[in-house]
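Read the numbers this way: they start at 1 and go in the same order the structure lists the ligands and their atoms. Quick note: residue numbers are just sequence positions, from 1.
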Amino acid sequence: MLQSFGKSLSDFPPMPKADTSLVPDVESRLIHDEMSYNRPVLAAQHDRMMSTMTSEQRNVYDKIMTRVKEDKPGLFFLYGYGGTGKTFIWRALCAALRSDGEIVLACASSGIAALLIPGGRTAHSRFGILFTIDECSMCGVTPNTPLASLLIKAKLIIWDEAPMMHKHCFEALDRSLRDVLKTVDKRNKDIPFGGKVVVLGGDFRQILPVMLGSTRPEFVNASINSSHLWRYCEVLTLTKNMRLLSSASESDIEERKLFSDWVLRVGDGTIGEVNDVDISVVIPSDLLIPSSGNPIAYIVDSTYPNLLGNIGKAEYFQSRAILAPKNTIVEQVNDYVLDLIPGEEKIYLSYDTPYHKNIDGDAVDDIHTPEFLNTIVASKLPNHRLRLKVGAPVMLLRNMDQSLGLCNGTRLIITKMGKFVLEGRVISGSNIGEKVFIPRLSLTPSDNRIPFKFKRRQFPISVSFSMTINKSQGQSLEHVGVYLPGGLKILINDDDDDDIDVASNVVYREVFRNGAVCLPNMFGGDFGDQIGRYAILTNPKSNKFEVLVDRVNRAFFSQRDGKRFVTFTESILVPGLPWFLLMNLQATFDDYLPPITSLLAYRHNITDMVLDFEKKLTEYDVTKGCMILLYTGNVPQMLDTLKTTVNIIDDCGNLWVCELNFATFPYEHFKIGRRWNRFVEARRLREGVKIRRGCSDGWVT
Ligand SMILES: Nc1ncnc2c1ncn2[C@@H]1O[C@H](COP(=O)(O)OP(=O)(O)OP(=O)(O)O)[C@@H](O)[C@H]1O
């Protein structure tokens, strides 16, 4: 078991070390586990999947498989909303490669999503990602270890629900893979993810990385598409909702399609009235539950009809839940439903102890008394007081045994309540129907708002008639009640309040900039509010490239296909040659792609064009031997993080080959050094001198 997590007894002193002659080799064991699939069964499954694949899915599949077969590096992001077949693609890729005897490492940001992929694990456990992570962190894998050998052998890495994870996790894996794979070929240290084919997947409408007390820009900045890795990422898109098509009748499909479109537009933030930070969305009356008393009673009644007649029935609880935004509300609902259920109630209290290390020396920490520790409520930590009844659905709060499908988010029904152990039946994930035993665990909260450490010994569960919206991510539920009281406007209709069918929707639209590139300032400067949703760029060879344009504050972004756009603009930027921008002009900035109504040819001469790049030299730049360029504006479009030199041509035409270094700490930046020093001296550059790109009228170029 320890080996499957890349650990051994020697990691837990003072445990005795096992006799190595009796234990199978860890390296071969890890690799063996990943290769011990039933190849004929997988080959048949693969054939079946290929026969039903849509052309859109086939394109995605072919792109990834071609890269793997060619043994070339690749970073992809599979972007598709729920039901478009992302998991289907993961399964097809796993079946294709594993039936050929190759290794695929499949993981997901959450345990629940990991269970949906065959052989899936959480990314944290798969790569040993630290829970407290920063821009310099590495994963728990070093060269010449068994896990490193597994990574070297892997042909493909799949990482689902990527938008939920902080970009530092992907960057840590990138650094570690470069570190490990440079032992195979030292050029790998300069290639993203050490040259492996990595496919990330997810939907940016879903929940972003959870960071307590963070602000909107911090959330957006933490997401994977704000990482420096994103510019290497090719975005593949799935748009057809396959889940809808599995519906029985035509009218059903139509109704579901309407609902699904509405949900997508709420997710996109394109429905409702925009206020300062949020959007007021009118909830259609057929989605509201009329109430005239205790709203909890109404939502419970509607989500769990005939509750008492269905106690203990796994299939009943499997498909239902009440979602609420906060843990306190969830607890109120759970307590209410527990009161309704007949049968003996048991209260399990936790045993909480502070760490000795909280205070200096060997003295016992008597500041944080058990009574005080008992009052602490933290995420991923069961409460001190756990109230249970047989027949109640509960959710695991920790990964316990992924091979048994027991991970953070798995739901069970309590079947027996012992003193030291609980017995339950799994109702979600990969092992539905399985009987399992849950022991008490000693858990340490990772919540960094708690300034000291303590351990809580408790069953790692919470009652789950109701769960938070965050926890529901990755769960497939057929009957869902959404309860939004308090700070958010209530979804339950109340005759007294006219405005009550309006809910606040907060959408961080900046985060949808998948593969977006900031367009040169002239786009906004020249066209301002007139800029359309849709622009066509034409290069000197008359090749055309369509871009979807999006506006975030005052900046304009080309949405999607950022990498192709950069390649294309590079082909445009031939010095001396004019280039054209064709765009449809519209008075308003539409959210939907309109048919082209009128095209305007617009000519821009290269010498007039400033790619948003102009730097006034600072004292640092002219005294420290290197110039700093922040990784903002169009700098990422012009300089490649993999490049190590840059040519500077001065106004006399002299070429200065300077060293270029890319660093991410304390912010992303390029450092131009070595010959820069001589250049500064030779041209007598002073603080305040401007540097521009591609300009020759007296400027330093
Ligand atoms: N080509 C296909 N042929 C048959 N069924 C398909 C196909 N593609 C997807 N499906 C089915 O459609 C449903 C939704 O697909 P899937 O779960 O892969 O979507 P998803 O994008 O992963 O959704 P979510 O993000 O909600 O998990 C599944 O039942 C899947 O088996």
Met49, portion touching ligand 1 at heavy-atom distance under 4.0 Å: neither
Hey, what's the ring geometry for Tyr79 with Phe204, parallel, tilted or perpendicular (30° and 60° as the breaks)? tilted
Within-cut-off N or O pair, Gly85 and ligand 1, under 3.5 Å: yes
So does Ile413 get a backbone contact from the side chain of Arg425, meaning a donor-acceptor N/O pair under 3.5 Å? no
Which ligand 1 atoms does Tyr81 reach within 4.0 Å, using its non-hydrogen atoms? 21 (O)
Which atoms from ligand 1 have a heavy atom of Gly82 less than 4.0 Å away? 23 (O), 24 (P), 25 (O), 26 (O)
Using every non-hydrogen atom in the two residues, find where Arg320 and Thr303 come nearest and quote the distance to one decimal. NH1-O, 3.0 Å
I'd like to know whether ligand 1 has Trp90 as a neighbour, heavy-atom separation below 4.0 Å. no
SB check Glu34 Lys155 (cutoff 4.0 Å): no
Anything under 3.5 Å between a donor and an acceptor, one on a side chain of residues 39-47, the other on a protein residue two or more places apart or in another chain? List them.
residue	atom	partner	partner atom	Å
Arg39	NE	Ser99	O	3.1
His46	NE2	Tyr61	OH	2.6

Is Gly83 near ligand 1, meaning one of its heavy atoms is under 4.0 Å from it? yes
If you measure from atom 11 (C) of ligand 1 to every heavy atom of Met50, Glu56, Met242, which option wins on shortest distance? Met242
Sequence neighbours left out, what passes ring pair (Phe, Tyr, Trp, His ring centres under 6.0 Å) with Phe170? Give chain and number order. Trp159
I need the atoms of ligand 1 closer than 4.0 Å to a non-hydrogen atom of Thr52, numbered in the order shown. 1 (N), 2 (C), 3 (N), 4 (C)
Would you check whether Phe88 has a nitrogen or oxygen atom less than 3.5 angstrom from a nitrogen or oxygen atom of ligand 1? yes
